[in-house]
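Let me begin by presenting the structure, written as structure tokens, before commenting on it.
Residue numbers count from 1 along this sequence. Read the numbers this way: they start at 1 and go in the same order the structure lists the ligands and their atoms.
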Amino acid sequence: MKAGEESARLVLRSVFGFHEFRGLQAEIIPHVIAGHDALVLMPTGGGKSLCYQIPALVRSGVAVVVSPLIALMRDQVEALRQLGVRAAYLNSTVDYREAEEIERAVGAGMIDLLYVAPERLVTPRCLDLFDRSTLALFALDEAHCVSQWGHDFRPEYLQLSLLRERYPQVPRLALTATADQRTRTDIARQLGLEDARVFITSFDRPNITYRVTVKDDPRKQLLSFLNQQHPRDAGIVYCMSRKKVDETAAWLAEQGRDALPYHAGLLAATRDAHQDRFIRSERMVMVATIAFGMGIDKPDVRFVAHLDLPKSLEAYYQETGRAGRDGLPADAWMAYGMSDVVRVSQMLDISTAPEEHKHAERVKLSALLGYCETPGCRRQALLGYFGETLATPCGNCDTCIDEVAMWDASVAAQMALAAIYRTGERFGAGHLIDVLRGQATERAVRLGHNNIKTFGVGAERSAREWQGIYRQLIALGLIGVDSETHGFHLTDAAMPILKGRERLHLRQDPRAETTRALKRAVTPRERKTIASTVSNLPVGDGELSLFEILRRTRNDLAKEQGVPAYIIFHDITLEEMARERPHDLDSFAGLTGVGARKLERYADVFIEAILAFRG
Ligand code: ADP
Ligand code: ZN
């Protein structure tokens, strides 16, 4: 083993309390310690921070971490201080006196990791400080912010290219969770990292269970998902509109959940207070528009639920990626139905954009609908969309867990399409289904639709079944929806089916979740094989109460110090503690996430709680 690697492992164990490197960390960390540049692409929760934190401790001098997420810096620095690491941050929330003190400490070589906001870094004052200091490395976090192509462009990031000219001998490490090729190329070019070694890991998040459920009574479905799967967990529920956010949060609160709203229409102070409570809470449900989420690196978000269709698969992946950063099992749950499909279809209808743009838009939206409707493995569909191949179905998504039945829907589809055609391509699902089922409603009679050939041909199917058929036909692009009248019309693609020249298979919609218990995601044995990142099994019933006691101990400590609970110990450490029940310092030191400093500080109080526990 090379010297760099050996000291890296030592720091991994003694400071962070981890036993092994995770995936590419084992290559990236020695590479940076040796003084080379790198571009690191890893999904959220992949373990990017260690890639610069360990080199920061092994190399001499101060490591400068550039991040645009100043709201996070305080907690990041606090987490490092808990490990005994000498860390500090400089951003606009730090007052002049404090800043002077930090600068003095940096100049005197008393700080190992310094987090700096990009606009601050390029000031003469900061550069002057760096000129006087020994620099271990520069870590450019959220590096996609340098790309105008991406979603979070920050002009300040462009100025970071000056680091190369000014400090050519200091290694630079750019990190991002953004996968696409164009952003990647931009990062390398804008930051002058063309010669840097590129490290790319799989973007799979094996600990996330993906589920898409057909909307029936979405609020009730959400509640039963929460009650069955996450009665005591923190998570995020995304809705499209502010109004729906407010209503859903109020409703969940009435149902006894600790739920708060978050959207751009709230006062900034209210928003911040809600966000702060969420980060510190282990139980809270944040109901939010997409305004919430950028830079939330709370590790124990156990679920992300969508009550409305996200904008794109990219957005979906980013939003669901906020679940399970700690590597423990987490859920991505979405309720999806006719209204979502109709909305997407109408968006395509009104789009006045140039044809080529419309085409790109159509490809994106149909990928999104395709994901929702797929009878195959969802993870395969997702990763496939991002250009990655997963050889076998994952075993950890709803379609893998509950087998999806397909049926020959050729005749039913023909009926559904004929009903549109014979009523003049002007009506939506409600009236069309009345016609198919032979309901002589006032409207049907007034329009004479009770006399057309399709009237009553589909009486043997329920309205719900017909809804499912129409929804899938829209998603497949056989039906278009008028943006103003909401009326359905046939597209060219519908003709072969309407004329009976092609056959069509559709998926059987599963029954709603409110009427059936969700199956367990994976058996413990399967879970073990999912990935090395998911290193532990759920704790059993007998141990749960000890886990709860340990959680309380952790909460007390967190309150005392005014820090989020996960900064004391992550759930993964508490679960191991509940399972292993260490009775002495030696065995306590063996727990994941217990380094020298935390052992010294917290072992006694947790061991005491374990010894007092009879279970
Ligand atoms: P990212 O910045 O890529 O989103 P983090 O650096 O926050 O991810 O790491 C995600 C989680 O994984 C954290 O809880 C971290 O403590 C944990 N982690 C990272 N590397 C290891 C490792 N080698 N062993 C155990 N846990 C790890
Ligand atoms: Zn799957």
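C372 approaches M334 most closely through the heavy-atom pair SG-CE, 3.7 Å.
In this structure, a donor-acceptor pair under 3.5 Å is absent between the side chains of Q380 and Y385. Residues E314 and Q318 have side chains that never bring a donor and an acceptor to within less than 3.5 angstrom of each other.
Classified by interplanar angle (parallel below 30°, tilted 30° to 60°, perpendicular above 60°), the ring pair Y371/Y316 is tilted.
Aromatic ring centres of F569 and F606 lie closer together than 6.0 Å. Aromatic ring centroids of F225 and H230 lie under 6.0 Å apart.
I236 is not listed as a side-chain neighbour of Y262, based on a closest heavy-atom distance of 4.5 Å or more. The closest side-chain heavy-atom distance from P55 to H31 is not below 4.5 Å.
Taking a cut-off of 2.8 Å, the protein N, O or S atoms nearer than that to the Zn ion (ligand 2) are C377 SG, C394 SG, C397 SG, C400 SG.
Taking a cutoff of 4.0 Å between a charged side-chain nitrogen and a carboxylate oxygen, R120 and E156 do not qualify as a salt bridge.
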Every pair of nitrogen or oxygen atoms between ligand 1 and the protein that is under 3.5 angstrom apart - can you list them with their distances to 0.1 Å?
{"residue": "ligand 1", "atom": "3 (O)", "partner": "G46", "partner atom": "N", "Å": "3.3"}
{"residue": "ligand 1", "atom": "3 (O)", "partner": "G47", "partner atom": "N", "Å": "3.1"}
{"residue": "ligand 1", "atom": "3 (O)", "partner": "K48", "partner atom": "N", "Å": "2.9"}
{"residue": "ligand 1", "atom": "3 (O)", "partner": "K48", "partner atom": "NZ", "Å": "2.8"}
{"residue": "ligand 1", "atom": "4 (O)", "partner": "G45", "partner atom": "N", "Å": "2.6"}
{"residue": "ligand 1", "atom": "4 (O)", "partner": "R325", "partner atom": "NH1", "Å": "2.9"}
{"residue": "ligand 1", "atom": "6 (O)", "partner": "K48", "partner atom": "N", "Å": "3.3"}
{"residue": "ligand 1", "atom": "6 (O)", "partner": "S49", "partner atom": "N", "Å": "3.0"}
{"residue": "ligand 1", "atom": "6 (O)", "partner": "S49", "partner atom": "OG", "Å": "2.5"}
{"residue": "ligand 1", "atom": "8 (O)", "partner": "G47", "partner atom": "N", "Å": "3.2"}
{"residue": "ligand 1", "atom": "12 (O)", "partner": "R22", "partner atom": "NH1", "Å": "3.0"}
{"residue": "ligand 1", "atom": "14 (O)", "partner": "H570", "partner atom": "ND1", "Å": "3.1"}
{"residue": "ligand 1", "atom": "20 (N)", "partner": "Q25", "partner atom": "NE2", "Å": "3.0"}
{"residue": "ligand 1", "atom": "23 (N)", "partner": "E20", "partner atom": "O", "Å": "2.8"}
{"residue": "ligand 1", "atom": "23 (N)", "partner": "R22", "partner atom": "N", "Å": "3.4"}
{"residue": "ligand 1", "atom": "23 (N)", "partner": "Q25", "partner atom": "OE1", "Å": "3.0"}
{"residue": "ligand 1", "atom": "26 (N)", "partner": "R22", "partner atom": "NH2", "Å": "3.4"}

